[in-house]
Each structure stands twice: as structure tokens, then as C-alpha cells.
**Q** 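Below is the structure I would like to discuss, written out as C-alpha cells.
Chain A is the first sequence line, chain B the second, and so forth, proteins listed ahead of strands; every chain is numbered from 1.
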4 protein chains.
Amino acid sequence: MASTPTKRPKFRRRAEARPDEVLDAALDLFIARGFAATRVEDIARRAGLSKGAVYLYYPSKEAILEALVQRSILPIAEQVAALGRLETGDPKAALRSLIDLIGDGLAEPRVAAIPKIIVGEAGNFPQLVESYRRQVIERGLGALTALIRRGVELGQFRPVDPELAARNVVGPLIAHLLLARIFSIAPADDPRARRFLDSHLDILMNGLAAEGERKA
Amino acid sequence: MASTPTKRPKFRRRAEARPDEVLDAALDLFIARGFAATRVEDIARRAGLSKGAVYLYYPSKEAILEALVQRSILPIAEQVAALGRLETGDPKAALRSLIDLIGDGLAEPRVAAIPKIIVGEAGNFPQLVESYRRQVIERGLGALTALIRRGVELGQFRPVDPELAARNVVGPLIAHLLLARIFSIAPADDPRARRFLDSHLDILMNGLAAEGERKA
Amino acid sequence: MASTPTKRPKFRRRAEARPDEVLDAALDLFIARGFAATRVEDIARRAGLSKGAVYLYYPSKEAILEALVQRSILPIAEQVAALGRLETGDPKAALRSLIDLIGDGLAEPRVAAIPKIIVGEAGNFPQLVESYRRQVIERGLGALTALIRRGVELGQFRPVDPELAARNVVGPLIAHLLLARIFSIAPADDPRARRFLDSHLDILMNGLAAEGERKA
Amino acid sequence: MASTPTKRPKFRRRAEARPDEVLDAALDLFIARGFAATRVEDIARRAGLSKGAVYLYYPSKEAILEALVQRSILPIAEQVAALGRLETGDPKAALRSLIDLIGDGLAEPRVAAIPKIIVGEAGNFPQLVESYRRQVIERGLGALTALIRRGVELGQFRPVDPELAARNVVGPLIAHLLLARIFSIAPADDPRARRFLDSHLDILMNGLAAEGERKA
DNA sequence: CATGAATGAGGTTTCATTCAT
DNA sequence: TATGAATGAAACCTCATTCAT
């Protein structure tokens, strides 16, 4: 592509990456303007092809959204698998790594943006919400709940309700994700993002820890 | 319905409530389908008047959205004023009342829905975001931060960063608000909503409290 | 309309005739260019309204075609009823009036054009064909067959197969209808149209009539 | 299929039949869906080649239609020539053979479909209609008219108007052709198709025949 | 010769907004 | 005030045609 300095070829053949490029472009625009306010032609232009070409890869605008969500679910599923492995170790350490893990994931804009889009389009595409709920939310919260339950059973955590506590753990992270950018609470690469995670961990650990387990 | 002329008169002269009814209708639909996917005609029908009449009260669809956000800001401003008053009391008790207050506010669907809409339309209406940020987010977080700072200064809270801790306080509440309904995590009138607040308070208080201040 | 010499009003309210005007315009264009090659905008312009207004009356282009066919079926149903009444009289006279009747009907361009359109779109809209077949073709041929059968039974006609003979009766009329205009075989108001009917009747009567019944 | 290299070789060098295969495919689809609703890609697929390859043989979709009509005109021209030869014989026998001939021709779907297509596209391609009219309709009707005129002059037929009578002769055949399949009046391989021709001949001969010439 | 990815004009349909009544 | 028919600017999507390979 960049290797032909002569001129930009009108036709580019068999670019295997095309479908992904379309999704990337669509993601940027869906984030910026929402699904309904994004025109297919804009997606096309940003992906570097024509309006019609988009339809070679996806049969409709809605299909683009669906593919987008599916694509984002895959890496998360892997993270959830990783979560499973964490369960066997020390709950406290596991929780710490977990929050780091989520923090890193949510820092990835291409992954983090999806929930925001789903929140906006929930009413129009219920099946999207449902598949995200089943594959991400439920599995993620499930793993986290199990982890906390073990901590309670081992006496490392106070006798909290694991299900509800799990929401207290991820809540600030998700809220930060959804709102930080929008309300300019913190820019993406703010060093305070790191400090926010630390603060969260600090309060959480102290709030969960059983009497004798507390750090000074 | 039309047979009971008392309750809902067909001709209502100078119905002062009309603009508000339009906003109510718009709110319901914006939540359900998003701003772009909601037709002015639908708003009109739901508000019980004609398409044209909507334009007697609001010059454009966008103006309806703006009025909606403005209307939701007012009661929140009052809550924030109430927050100010709390600052003079015992920080711990104040924090407890505050979370109750927020919990109650967020349980009010007409108020709670606004942030969700703003999240969805942030890209298209930046001035909306900005005004919400200035009048709600900043003031709310500001008051909460001040409250925590006083708790730290008084030695009731551990030496946390008040600004960041404030986010830890509201984060789960906001996340719950934004996601619970969408992902069917909890139905609107779930008694667990109460227990969720309790759990949050419990962990928070233990996480924030200074050594000697902890409850058993 | 023509009574306001000042200027053509931009908005015309509640013109009850609008839907019919749309059908008239569509009919003209479907005849001239076929269904697929006719743009909704052309229909609108010819009907004297805007593209969007067409959709106030019909939900889709296909619905226009369906309405068109339905509208043309009504008067034909009445003619078929009239056919039923003819059955009680003298078969020969009845056949004569019948051919006149059909001839008149087919001379009405708005009615006669429908079969031509159906022939062209048969593959794309099978349900259209089916409803036309049931309501027009079957009933028409049925009445005609009954009439001929009676003629045979009364000894006025030779012992022909009534079903097949019915096709011999209407065949030339339909062929004339479908082809005459297209192939410029005869202009619409050609006096020869009358003579064509006469010739048809003449040959037919002689071909059907039993020995003794023939005219010189 | 691909495993038998004999029957349908994947690479067929200089396939002279290609253009004809394209026409065959196009004909099938034009009949089924009409010209406008048929995509070039569908024609290509049905003809067993790629979309681009179609354009190696025909410069445009319209050119395919034109070639189709031209191709169908050729054999008909020969039949018309045969008609000319019939003129010298006994008019009655000639008429009988003629109707058989036409009946056979019209039974050939690839030939019979053309008029149906022309009827549908008459408005969009007048030059197509014109060339068909000149080469098929006019010559065919001309020959038939001449044949009937001779019959009248020889006293075998009653003194009918030869031009109009010619239309009475072909009318039912054409009507049958255009409508039978569409309206399921008679399936393609119905044995009654033969009987329909017989009935037509029977009525026609009796209707045309002069007094003394009539069969019992 | 042959392919099929790519283009882009153009068609159907939607909907915010206007305005005669 | 209130109505809702009417407008017209897009938006989505299709498909005839081109052209690099």
C-alpha cells in the first residue's frame, strides 16, 4: 500500500483485512456519534473504500454493529478464562491481579467502547444486549463472585455477600470507563488513571479484609 | 376514557403542563430507543397531542433533548445544596445519608435516565455534556470530595486521596444505574437494590474508616 | 383547483381523491415503463404531489401495484355479475352482448392495462397473479363456459367443448388487447376496433352455430 | 461433477457456445423476473461464468436483451418463409398446417417467451418492439392474410375481411401463449393443449367455411 | 480470456419541519 | 391554539459497469 509511491490504486484486491478495517472505522464513528447518527458512507470513507464496498463485507449496517460486538467479545472471553485460573491462588492477590487486568482491558479503547455503544442501543437491539450479557457480564461477574466467595470462606475477607460485593468491585471501574472520557473527568492517558486504580484497590482491600488481615 | 369528561378533558385550555408532558414522553422514548431513533410523531402521540403542536412548545427535536436535560438538572442542584449542608455534620453519618440520598435519586427513573441518554448522545451534543458536567458532576463530586477530605482531616477516614475516593463512592452507584436495567442484573423494584446499597456502604465504610473507627 | 386563478397552492388539504390520483399516475407509468423501471418520484410528480406524500397513502411501491390491481378487479366483478344475468336469456344473443361488453371493457384503457402489467410482473408478485386469476379469469371464463354449454344443450351451438370454446371466444379479444397498442396494430380510437369485434363475432357465430341455426 | 472432466470441463477454450449460453440464461431469468429485476450477476451465474465475462460477449445488459430478440426472430423468419410456400396450395389445408405450425412454435418455450418479454418492456425499448413488429408480426400476419384472401377468392371461405380474420385466427393462440402459463390455465405439458388447438381449428373452419364447404 | 472486488449513480423509504386551515 | 397533509433532504441499499490481476 505505502510501498507504491506512484499513486493510490483505485482498486485494491483481496485485502483480507478489509472486514476488520470496516469494523474499526465503524467503531470509531459509533463511539463518536452513535449508531443511528453514523452514515454507512462515513464508515466507508474512514475505512478507505466506497459505500458499496462495505456491503460486500456486511449485508447491512446492523450487521456491522453485530460483528463489532462479536469481535469484542472474543478477547474478553479469554480474559475470563484467565480469571478462572486466578481462582486457585490466593484470593487477595487474585483480586489485585484481576483489577489490574480489568483496568488494562478497559484502558484499551477498542474494547472499552463496546459497552458504551450497547448501553446506547440497548432498546433497539435487544439480542445484542443479551449476547453481551451472557458472554461477558454473566461470566465475568460469576468468576469474580466465586473469587470473593473463596476469600470469605478462607477467612481473608469479611463475611460480605459475594454477589453484591462483586458489583462493588467492578462498579467504579465501569463507571470510570463510561463516564471518564465523556465528562472529561480524566483523559485517557492520564497518569491519574493508575492512581485511580490504586485508590480503588486500597479502599476495597481495606473494606473487604477481615480483622487480622488488614494492612496498616 | 372519553366518556369521563371529568378526568381527562378533550379540550384543555391553556394546559400549562403540556411542555412537561412532552418532555415526559420524549424521555420515555429516548430511553427506550435513543434520540435518533425516536420520531417526533411518537413523542407527540405519547404526549397526547399532534405532531405540529410539539413545535408550539419546542422549536426542534434537539431543543426537547436540551430541555429534558435542563429539567433534570434542577432537582439535582437542590440535592447538591443539601449535600453542602451535610458537610457541617459528622462525616461518617453524612456519607451514609449521602449514599442513601443518591440511592433514592437514582431510583427515580425520570432522573436516573438522563445520564444514560447523555452517554449515548455525548458525541452529537457536546454542549449538553458540558452543561451536565458543570452543573451536576462537578458540583456533586466536589461536595463529596470535600466531605471525604473533612473525614480524613478529622481522623475518621484513613488518609485516602479524597478526589479519587469520591469516585470510588459513586462509581458502583452509577454503574448499577447504567447497567442494571439494561443487562437485567436487577429488576427495577428488586428488594436487592436496597441490599446492594447496604453492601456498598458496608464495604466502603470499612475501607475508608481509620483504625480505631472501625465497626466490629 | 382551477377555480383559484391566483397561484397553485403549495398545500392541498384532505383531497379525498389523492389515493386514486396516485393509482392513476402509477398505472400510466407502469404501462409505459413497467413496474421496476418506474420511480416513485415519477409517480408522485405525475400525480401532482411530492415523493414523500405518496407514502402517506401507500406504504410501499409494491402496495401501489397491489391497490391498482384490486381497484381494477372491482368493476370487472360487476361485469361478471352482469354475465350471470345474461345466462338466462338466449345463448346466441347473450354471447353477442357479452362480446360487446368485453369489447367495451377492454376499450377502457385503465381496466385493460392491468392484465398487461400482471403479465410482466407475474414472476415477481405471484400473489397478484393468483388473486387476479381467482377473481377475474376464473369467474369470467366460468360464466362464459356455462353460457356456451347451455347453447350446446339447447341445440343452438354445435357440440363443441364449452371450456375450450370459451377460450376461442376471448382469445382474440385478449390478444388484441395485449398486442394492438404495443405493435401499433391499431390505435386506441381506431374505428377498425369496432370492425374487428364484428369480424370476430361473425366468424365465431358461424363457427359455433348448429346446422340449421346459421345465418346466410 | 467437477470430477468428471469429460462432461463439463472447467476450462473450456474458445467456447463458441458461450454467447448463446448467456442468452439462454438471460432468457430464463427475463421470463421469470422481467428485465429490470434480473441482475447481470444472476445471468452470469446461471450461464456458468463470471459477471465480468458476460461483458466480454455483450457490452451491456440491454445488448443481451437485443441479441435475445434477434436470435428468436431468425427461426420465425424461416417459418414465415415456409408460410409463403403454403400459399400456393389448398387454402383450407394450408390454414390447418399453419395453425399446427404456430402451435408447435408457441409450444417451444424459448421462442414463445420472447413476445411476453417484449410486451413487458415495450415502453422502455421501442426499437425492439419495432424490429419485432416488422420482422415477425407484420410478415406473419401478412402471409396469413394473403392465405385467407385466397381462400375467399377461391370461394372456400365466406367473404370475410382477410386482415381482421387473420387476427381471429392467431388471437386465441397468442392469448393462450401469453396467459396459459401465468394463470395456470393449462400446465405446459397438458394434453389439453392439443385439444385446444383442435377446438380452435374446428370452430375456425366452421366459421370461415363457405356454405357448401362445411364439414358435417 | 477470465475473475470478482470495487465503484458510484440512483432508487426506495424515512422523518424533521412547515404551513394552510 | 391545534392539526396533520405535505415537503424534501438525506439515509440505506442495489447493481450495472469497470479494471487490476
**Q** Let me know the distance between CG of L65(D) and C1' of dA16(F), rounded to the nearest Å.
**A** 15 Å

**Q** Taking distance alone, no hydrogens or angles, what donor-acceptor pairs closer than 3.5 Å link side-chain atoms of residues 23-30 of chain D to residues at least two apart or in another chain?
**A**
| from | atom 1 | to | atom 2 | distance (Å) |
| --- | --- | --- | --- | --- |
| D24(D) | OD1 | R71(D) | NH1 | 3.0 |
| D24(D) | OD1 | R71(D) | NH2 | 2.8 |
| D28(D) | OD1 | R110(D) | NH2 | 2.7 |
| D28(D) | OD2 | R46(D) | NH1 | 2.9 |
| D28(D) | OD2 | R110(D) | NH2 | 3.2 |

**Q** Just jot down the ring pair (Phe, Tyr, Trp, His ring centres under 6.0 Å) partners of Y58(C), sequence neighbours excluded, or say none.
**A**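 Counting only residues at least two positions away or on another chain, Y58(C) forms no ring pair (Phe, Tyr, Trp, His ring centres under 6.0 Å).
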
**Q** Find the distance between OH (Y57(D)) and CZ (R18(D)) and round it off to the nearest 0.5 Å.
**A** 5.0 Å

**Q** Measuring only between side-chain heavy atoms, which start at C-beta, is E66(D) closer than 4.5 Å to V69(D)?
**A** no

**Q** Measure the distance from CD1 on I64(D) to P on dA16(F) and round it to the nearest whole Å.
**A**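 The distance from CD1 of I64(D) to P of dA16(F) comes to 10 Å, rounded to the nearest Å.
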
**Q** Dot-bracket for DNA chain F, please, read 5' to 3', with Watson-Crick or G-U wobble pairs under 3.5 Å on both distances, ( ) within the strand, [ ] crossing, | other strand, . unpaired.
**A** .||||||||||||||||||||

**Q** Could you pull out the closest heavy-atom pair between A36(D) and E121(D), with the gap in Å?
**A**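 That closest heavy-atom pairing would be N-OE2, 4.3 Å.
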
**Q** Grab the CG-P distance between D42(A) and dA10(F) for me, whole Å please.
**A** 13 Å

**Q** Using the test side chain to side chain contact (heavy atoms under 4.5 Å, CB included), find all partners of K116(B) that sit at least two apart in sequence or belong to another chain.
**A**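 Once residues adjacent in sequence are excluded, the partners of K116(B) under the side chain to side chain contact (heavy atoms under 4.5 Å, CB included) criterion are V119(A), L178(B), R181(B), I182(B).
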
**Q** Salt bridge (Lys or Arg N to Asp or Glu O under 4.0 Å) with R45(D): which residues, sequence neighbours excluded?
**A** D42(D)

**Q** Within the 4.5 Å heavy-atom criterion, are I117(A) and F35(A) side-chain neighbours or not?
**A**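 When only atoms from C-beta onward are counted, F35(A) and I117(A) do not touch, as no gap falls below 4.5 Å.
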
**Q** Hey, are the side chains of L56(A) and L49(A) touching, using non-hydrogen atoms and a 4.5 Å cut-off?
**A** no

**Q** In whole angstroms, how far is the P atom of dG4(F) from the CZ atom of R45(B)?
**A**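 After rounding, the reported distance stands at 11 Å.
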
**Q** Taking 4.0 Å as the cut-off, does a side-chain nitrogen or oxygen of R18(D) come that near to OP1 or OP2 on dC1(E)?
**A**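 False: R18(D) side-chain N/O out of range (4.0 Å or more) of dC1(E) OP1/OP2.
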
**Q** Can you measure N124(A) atom CG to dC12(F) atom P for me and round it to whole angstrom units?
**A**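 From N124(A) CG to dC12(F) P: 14 Å.
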
**Q** Check every atom of dG8(F), dA2(F), dA2(E) against the side chain of L56(B) and return the nucleotide holding the closest atom.
**A**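 The answer is dA2(F).
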
**Q** At under 4.0 Å between heavy atoms, how does the protein contact nucleotides 12-17 of chain E? Give one character per nucleotide, 5' to 3', with B, S or -.
**A** SBBSSB

**Q** Would you say a side-chain N or O of Y57(B) is under 4.0 Å from OP1 or OP2 of dT1(F)?
**A**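 For dT1(F), OP1/OP2 do not have a side-chain N/O of Y57(B) under 4.0 Å.
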
